[in-house]
Structures are given as C-alpha cells and as structure tokens.
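What's counted below: heavy atoms across the whole structure, side chains too, no hydrogens, waters or symmetry copies.
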Amino acid sequence: MSKKNNKKFDVTLNKAKSIIYSPMVTEKSTMISQFNQFCFKVDTNSNATEIKLAIQKLFKVKVNKVNIVNVLGKTKTFKGTIGKRPNFKKAIVTLAQDNTIDLSSGI
C-alpha cells in the first residue's frame, strides 16, 4: 500500500484573486444560499483544495466542502454562423455554520 503525498498548499492573496473569478448570481445560486452554499466561477486549472484556501483567504470564512462542476460551452448558431461559448468551471462552496459571504457588498 502506498502512502498518500499530503502536500500543504499555501495560497497567497494574489493567487487567490486569480483562482476566484466572480460569484455567480443566478436563480439557483440564490436558492442554495439558504443552505449556506455559494457559487463561484473559478479558474479551469484549479482544484478543490486551492479553491477552498482561496475562499478562506479572500472572505475570511470557514469552508466545509467544495463541489466542482465543469460546464461545457454550448454550440450556438447566429445568422448562419456556428460558434461555441467557452467552457468554464463552477465551484459550489459550503460554509461552516454562522459564516456567510455578502455578495452584494461590491456593487
């Protein structure tokens, strides 16, 4: 049996800002906020551990769990020209109890 290589990740503030692109404000993301979950558009090359540390560094909250979804871009036709929307990665972050993120503060 092989031992897992447990590397300690360290995310600086600049690295955290480059991992987290923006919060996603949709109907579904507003509904899951009642369960202390928040949705963010993140870098496609980042993993769950980096996203967790970046959220904790930027918003100073305790993160319990991070779920990641790779969203494939749709193929669309506009005036006979076929195009494709870009792929992106979405992270659904579950916070610990009594922690919250105010997404409307930057408006």
Side-chain angles (χ1 to χ4, degrees):
M1 236 177 153
S2 66
K3 292 183 179 180
K4 288 186 178 181
N5 189 5
N6 292 332
K7 291 183 182 177
K8 277 282 194 179
F9 285 106
D10 187 29
V11 176
T12 62
L13 190 61
N14 287 336
K15 176 76 172 169
K17 288 179 182 178
S18 68
I19 291 173
I20 308 297
Y21 290 153
S22 65
M24 296 185 68
V25 182
T26 60
E27 190 173 347
K28 184 174 183 177
S29 67
T30 6
M31 287 177 57
I32 65 171
S33 66
Q34 67 183 348
F35 302 113
N36 221 16
Q37 294 181 335
F38 297 92
C39 192
F40 295 93
K41 190 178 275 192
V42 295
D43 183 28
T44 55
N45 298 323
S46 59
N47 59 24
T49 309
E50 291 174 338
I51 293 168
K52 178 180 179 177
L53 293 173
I55 293 289
Q56 288 178 348
K57 180 79 97 181
L58 287 175
F59 298 106
K60 296 179 180 40
V61 292
K62 172 85 170 89
V63 176
N64 281 348
K65 186 167 68 169
V66 176
N67 294 350
I68 298 175
V69 181
N70 285 316
V71 181
L72 299 178
K74 291 182 179 180
T75 303
K76 302 294 276 187
T77 305
F78 179 70
K79 293 187 178 179
T81 306
I82 297 175
K84 184 178 178 295
R85 291 183 184 166
N87 302 335
F88 65 94
K89 186 179 271 191
K90 177 169 64 170
I92 300 171
V93 179
T94 305
L95 301 181
Q97 203 168 17
D98 299 332
N99 286 315
T100 186
I101 296 174
D102 187 16
L103 297 178
S104 63
S105 65
I107 295 175

(message) Once side-chain contact (heavy atoms from CB on, under 4.5 Å) is applied, do any residues pair with V71, and if so which ones, sequence neighbours excluded?
(response) V69, F88, K90

From [atom1] ([X]) to [atom2] ([Y]), nearest 0.5 Å:
{"X": "F59", "Y": "T100", "atom1": "CZ", "atom2": "OG1", "value": "10.5 Å"}
{"X": "T75", "Y": "R85", "atom1": "OG1", "atom2": "CZ", "value": "10.0 Å"}
{"X": "E50", "Y": "K15", "atom1": "CD", "atom2": "NZ", "value": "5.0 Å"}
{"X": "K57", "Y": "K52", "atom1": "NZ", "atom2": "NZ", "value": "14.5 Å"}
{"X": "I101", "Y": "F40", "atom1": "CD1", "atom2": "CZ", "value": "4.0 Å"}

(message) Show the nearest heavy-atom pair for residues V66 and A48, with the distance to one decimal.
(response) CG2-O, 4.1 Å

(message) Quick check against the 3.5 Å criterion: does K89 have a side-chain atom that pairs as donor or acceptor with the backbone of S46?
(response) yes

(request) Let me know which of N64, V42, V63 forms a side-chain contact (heavy atoms from CB on, under 4.5 Å) with V93. (result) V63

(message) Against K17, only a single residue in L13, I19, I20 fulfils side-chain contact (heavy atoms from CB on, under 4.5 Å); can you say which?
(response) L13

(request) Only counting residues at least two apart or in another chain, list the ones meeting side-chain hydrogen bond (donor to acceptor under 3.5 Å, both in side chains) with K60. (result) none

Is [X] isolated, or which residues cluster with it under the ILVMFWY side-chain rule of less than 4.5 Å, directly or via members?
{"X": "F78", "value": "none"}
{"X": "F35", "value": "none"}
{"X": "I92", "value": "I32"}

(request) Is it possible for you to say whether I68 and M24 belong to one hydrophobic cluster, with membership spreading through side-chain heavy-atom contacts below 4.5 Å? (result) no

(request) Taking atom NZ of K74 as the centre, report whether more than 12 heavy atoms of other residues, nucleotides or ligands fall under 6.0 Å from it. (result) no

(message) Is any side-chain heavy atom of V61 closer than 4.5 Å to one of F38?
(response) no

(request) Can you tell me which residue pairs pass the side-chain hydrogen bond (donor to acceptor under 3.5 Å, both in side chains) test with a partner in residues 29-45, sequence neighbours excluded? (result) Y21-D43, T26-S29, Q37-T94

